[in-house]
Amino acid sequence: MTDSVVDSILKARYLREGEKDYDDICRRVAEALGENEDEIRDYYSEMLSLRFLPNSPTLMNAGTELGQLSACFTLYVGDSISEIFDAVSWGAQIHKTGGGTGYNFSNIRPEGSPVCSTDGVASGPVSFMKVFNAATEVIKQGGRRRGANMGILNVWHPDILNFIESKKNEGDIANFNISVMVNDEFMELVEAGEFDKVWIHHPNTGEDITVGAVWEGIINGIWRNGEPGVLFYDEINRKNMTPNLGSIDTTNPCGEQPLLHFESCVLGSLNLSKFIYKDVLDRKALERSTRIAVRFLDSVIEKNVFPIPQIRIATRRTRKIGLGLMGVHDALLMLKLAYDSPEGRDFCEETMAFVNEISADESHRLAAEKGAFPAFKGSVWGDYEVRNAAMTTIAPTGTISLLAGCSSGIEPVFSYAYTRKDTVQKTFEMIHPLFESELEKTLSGIGKSPSEVKDLKRKAINHVHETGTIQDLLWLPESFRRIFKTALDIDWRSHVLMQAAFQRNVHASISKTINMPESATKKDIADVLLLSWHEKIKGLTIYRTGSRQSVVLELSKRE
Ligand code: ADP
């Protein structure tokens, strides 16, 4: 079954003319990036073994004329018509190549402001977002994947309430994720309960917008359909690796890359489940693959064909790369560590610290060979020369984790059996292989006969497919149920704490959804945001079950 998913993805996205399978893709990519035979061999075997995969644009475009290899871009949006439409055009060029774009619209003057040159009245950031959205809609027809955008507004922009409401109805501005960039000052007022305090005075409507109105707007939006996301401006900038180049106010579409304007970043992910041998993490193998991956990603910066000169200049100045992990929950299952346990989090934190440290060390070696990144002086690295201003990120790995057949990014498994719709709306039924094999072992282990094992296995799979959980199957041993929890079994606090455990050892940010049950209250959502801020998370997305009609993963009865 999984093979047909992989085939369908390969055909829809990655295979170029004359290529027939994944092996061909690995060869093309390795040959395009490797500088010598050894590198080509290493890159090829890392990808082929599914230990490491670069982001989709690299798999799609390396060794082709297009040659655009990065997933993440952030653009500058100014306040003039020409600056705004420049950004629309840049975005279109990026989408054509499979990249996603982030914009902070806060420079755009608020709705109702005078337009001096025409004596007219400005229509505000939200109206322009709709233009970007329409452009994306048109471009997606020609590309291999539809464009993705992040639209950001600072919490101190006068149009903030309008922005928060801009995705009120499902399907509005559908090619955008939206996020509010909050700052510490705002969060401190919220925490102190200063809801009646005037936060911002709208210069055109005359409205006094209170802290409470903004906070409630955010919470209501999240409760209603998971938008807006929230980004923490001060935390992002406390961890800015190149404060010498200015502050950061924008991220890419899924939020894992806070970047300076015009920077781009290439992502790559190590599949942690491939480094668990005989119930332990093989650190030596992980170190080796990490070092190869850092070289691989750095080489992408050299070979990349950048869509516009500003992006080439900004990207080459800092040379940020985004190496991360996927298959994390699978690795935890193999180690029999519960995702929502302190032991599980400790393992993740230590492992990510290790990857982070090795990545910096490899980048240090690269700097000795090829030079440090040009904006090195004044960066947080001090005297320790590195070739890349930042090395680590946790990507969503939406497609590459499917190719690798592992759990995505650091997310817990959504369900051990589910129906998957692919980009061309074919549906596939997926059963998690570890779940199936461990279930069988566990049932045999408690003395069930082979035919009982077969029946009970079917029963459990049907149940998890239908309901997304096995926690209520009390005939399964507690030791099994404790490990095989799903995204919805895991309480929101554990979701947040896992994200925080990773964030402590990741240079950029993390793509993660905090799943909440349908019954979650607005107070619960407020608590998630406050805890995330305290835990020094840089940004997050919350999703309350059932709050959207259209979802990628869904549970359904097996036929
Ligand atoms: P993949 O698994 O395909 O390599 P990810 O799901 O890890 O990609 O997403 C990484 C980043 O790629 C996103 O944060 C976003 O910037 C970009 N991206 C994701 N999906 C799309 C898309 N449909 N179109 C354009 N860019 C995308």
Side-chain angles (χ1 to χ4, degrees), residues 1-6 271-273 276 278-279 326-341 343-344 347 401-402 404-422 426-492 494-495 498 513 515-519 543 545-546 551-559:
M1 260 188 309
T2 310
D3 280 351
S4 56
V5 172
V6 170
N271 175 359
L272 193 59
S273 67
I276 310 293
K278 302 199 171 128
D279 295 343
M326 59 181 170
V328 168
H329 195 197
D330 287 349
L332 289 170
L333 295 174
M334 292 162 91
L335 294 168
K336 302 199 169 45
L337 291 171
Y339 189 97
D340 55 355
S341 67
E343 299 76 34
F347 167 78
S401 64
L402 277 174
C406 65
S407 57
S408 52
I410 64 162
E411 295 290 6
V413 169
F414 169 74
S415 173
Y416 293 98
Y418 65 94
T419 305
R420 178 157 196 114
K421 275 190 231 156
D422 72 3
K426 268 198 202 167
T427 59
F428 298 93
E429 301 210 298
M430 319 271 287
I431 301 173
H432 197 285
L434 267 173
F435 176 76
E436 212 174 348
S437 59
E438 280 301 314
L439 185 60
E440 214 170 289
K441 259 194 239 162
T442 304
L443 291 169
S444 309
I446 55 170
K448 302 287 177 197
S449 70
S451 75
E452 281 173 323
V453 169
K454 199 169 163 235
D455 285 353
L456 290 174
K457 211 176 94 178
R458 174 119 316 269
K459 216 168 150 185
I461 289 172
N462 285 354
H463 187 81
V464 73
H465 199 162
E466 211 172 300
T467 64
T469 185
I470 51 153
Q471 298 308 312
D472 52 344
L473 295 184
L474 300 181
W475 46 269
L476 278 168
E478 201 274 334
S479 57
F480 183 85
R481 283 184 281 133
R482 192 171 55 83
I483 304 300
F484 284 92
K485 287 193 179 162
T486 60
L488 297 180
D489 294 329
I490 292 165
D491 63 295
W492 60 257
S494 300
H495 277 281
M498 184 58 103
T513 301
N515 284 99
M516 300 187 85
E518 191 161 6
S519 59
Y543 181 69
T545 304
V551 283
V552 184
L553 304 176
E554 51 182 45
L555 303 167
S556 73
K557 256 201 155 101
R558 275 166 64 85
E559 300 296 318

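The OG atom of S479 sits 10.0 Å away from the CD atom of E438 when rounded to the nearest 0.5 Å. Atom OG of residue S341 and atom CD1 of residue I483 lie 7.0 Å apart, to the nearest 0.5 angstrom. Once rounded to the nearest 0.5 Å, the distance linking NZ of K336 with CZ of R482 reads 11.0 Å. Annotation: the span from L335 atom CG to L272 atom CG amounts to 8.0 Å, rounded to 0.5 Å. Atom NZ of residue K278 and atom CE of residue M334 lie 12.5 Å apart, to the nearest 0.5 angstrom. Between F414 atom CZ and T486 atom OG1 the span is 8.0 Å, to the nearest 0.5 Å.
In this structure, T545 contributes its side chain and M516 its backbone to a donor-acceptor pair below 3.5 Å. Side-chain N or O atoms of R481 include one that pairs as donor or acceptor with a backbone N or O of L476 at under 3.5 Å. Looking only at distances, a side-chain donor or acceptor of E411 sits under 3.5 Å from a matching main-chain atom of T513. Side-chain N or O atoms of Y416 include none that pairs as donor or acceptor with a backbone N or O of T469 at under 3.5 Å.
Taking both residues in full, the closest heavy atoms of G344 and L337 are given as CA-CB, 4.2 Å, listed atom of the first, atom of the second, then distance. V6 approaches L402 most closely through the heavy-atom pair CG2-O, 3.9 Å. The shortest heavy-atom contact between S408 and S401 is CB-OG, 3.4 Å. Closest approach of A417 and S415 over heavy atoms only: O-OG, 2.7 Å. The shortest non-hydrogen separation linking D330 to L434 is O-CD1, 3.7 Å. Of all the heavy atoms in H329 and K485, the pair that sits closest is CE1-O, 3.4 Å.
When side chains are defined from C-beta on, I470 counts as touching F435, because their heavy atoms get closer than 4.5 Å.
S273 and N271 share a donor-acceptor pair across their side chains, judged by distance under 3.5 Å alone.
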**Derivation and outcome, side chain to side chain contact (heavy atoms under 4.5 Å, CB included), residues I431 and H465** = CA-CA 9 Å; I431 301 173; H465 199 162; over 6 Å; no
**Asked** Step by step, would you call F347 with Y339 a ring pair (Phe, Tyr, Trp, His ring centres under 6.0 Å)?
**Response** CA-CA 10 Å; F347 167 78; Y339 189 97; over 10 Å; no
**Message:** I'd like to know whether L333 forms a side chain to side chain contact (heavy atoms under 4.5 Å, CB included) with H432, so could you lay out the CA-CA distance, the side-chain angles of the two residues, the decisive distance to 0.1 Å, and finally the verdict.
**Reply:** CA-CA 11 Å; L333 295 174; H432 197 285; 3.9 Å; yes
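With sequence neighbours excluded, no residue satisfies salt bridge (Lys or Arg N to Asp or Glu O under 4.0 Å) with K448. Applying the ring-ring contact (aromatic ring centres under 6.0 Å, His included) criterion to H495, with sequence neighbours excluded, gives no partner residue.
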